[in-house]
Amino acid sequence: MAEAKWYVVHTYSGYENKVKADIDKTIENRHLEEEILEVRVPMHEVVELKNGVQKASQKKLFPGYVLIHMIMNDDTWYVVRNTRGVTGFVGPGSKPVPLTDEEMAPLGIQKEDVVVDFAEGDTVTVIAGAWEGTVGAVQSINMQKQSLTINVELFGRETPVEISFAEVKKM
């Protein structure tokens, strides 16, 4: 299986969040979770001074661009390229060029490899986030997304929930 890499997609200015939402919805509808791993609109915090009052706000780091962590193939290329608001991948001609590790480092997005001490079937406790205090059995582990899926009881029935490695501990 090919390795997932980060690609840059050019969008209409101001459409970055809409493109991210549309791609996320398409990933879910077409079940491409294993091929398109993450879609990001890089943001950074800016402190503005207006009328003598300091106000912190989030600004787009690269207006008009969206970063996508994906495995490049005909399917994923088609999905991203034909999303409304996308003008194309960054690269010469129609050939997308992945970002190098050196280009990713200053963005703070590249994640280190994490070694986990749990396997499918193990019982874990959620220690952070919305599901804090919940106990569940590990159903699946996604090393690329650094997350796992557990079943939690929601409205009287078992529901699968995806949780980051950092939010769970083994019982």
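Since we're looking at a predicted model, the values are computed, not measured.
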Are [Y] and [X] linked, directly or through intermediate hydrophobic residues, by side-chain heavy-atom contacts shorter than 4.5 Å (ILVMFWY only)?
X   : Y   : answer
M70 : V41 : yes
F89 : L32 : yes
V66 : L37 : no
V97 : M72 : no

Flag the pair [X] / [Y] as yes when at least one side-chain heavy-atom distance between them is below 4.5 Å, and no otherwise.
X   : Y   : value
L61 : M43 : no
V80 : I36 : yes
K5  : H69 : no

Check: With Y12, which residues qualify under ring-ring contact (aromatic ring centres under 6.0 Å, His included), at least two apart?
Finding: Y15

Quick one: [atom1] on [X] to [atom2] on [Y], what's the gap to the nearest 0.5 Å?
X   : Y   : atom1 : atom2 : result
K18 : T11 : NZ    : OG1   : 12.5 Å
I68 : K20 : CD1   : NZ    : 10.0 Å
T26 : H31 : OG1   : NE2   : 12.0 Å

Margin query: I want to know whether Y65 and H10 have ring centres closer than 6.0 Å.
Written below: yes

Margin query: If you count every heavy atom of other residues, nucleotides or ligands that lies below 6.0 Å from Q58 atom CD, does the total exceed 12?
Written below: yes

Notebook entry, point to check: So does E48 have more than 12 non-hydrogen atoms from other groups sitting under 6.0 Å from CD?
Noted result: yes

Notebook entry, point to check: Which pair of heavy atoms, one from P98 and one from E103, lies closest together, and at what distance?
Noted result: O-OE1, 4.3 Å

Notebook entry, point to check: How far apart are the closest heavy atoms of F62 and P42, and which atoms are they?
Noted result: CD1-CG, 4.0 Å

Residues 161-169 side chain polar contacts: donor-acceptor under 3.5 Å, at least two apart:
from : atom 1 : to   : atom 2 : distance (Å)
E162 : OE2    : S147 : OG     : 2.7
S164 : OG     : A166 : N      : 3.2

Check: Do E16 and R40 sit within salt-bridge range, that is, some charged N less than 4.0 Å from a carboxylate O?
Finding: no

Checklist line | Hydrophobic cluster partners of V47 (side-chain heavy atoms under 4.5 Å) | finding: none

Notebook entry, point to check: Under 3.5 Å, side chain of E28 to main-chain N/O of K25, donor-acceptor pair present?
Noted result: no

Please output the side-chain donor-acceptor pairs of residues 118-128 that fall under 3.5 Å, not counting sequence neighbours, one pair per line with the distance.
from : atom 1 : to   : atom 2 : distance (Å)
D122 : OD2    : A119 : N      : 2.8

Next item on the list: Would you mind listing every side chain to side chain donor-acceptor pair (under 3.5 Å) that reaches into residues 74-86, with sequence neighbours excluded?
Entry: N73-T76

Notebook entry, point to check: Would V39 and V19 count as a side-chain contact (heavy atoms from CB on, under 4.5 Å) if you check the C-alpha gap in whole Å, the side-chain angles of each, and the deciding distance to 0.1 Å?
Noted result: CA-CA 9 Å; V39 182; V19 166; 6.0 Å; no

Checklist line | Audit row: L99, L67, side-chain contact (heavy atoms from CB on, under 4.5 Å) steps and yes/no | finding: CA-CA 9 Å; L99 292 173; L67 297 178; 3.9 Å; yes

Donor-acceptor list for residues 148-155 side chains, cut-off 3.5 Å, not counting sequence neighbours:
from : atom 1 : to   : atom 2 : distance (Å)
T149 : OG1    : S140 : OG     : 3.3

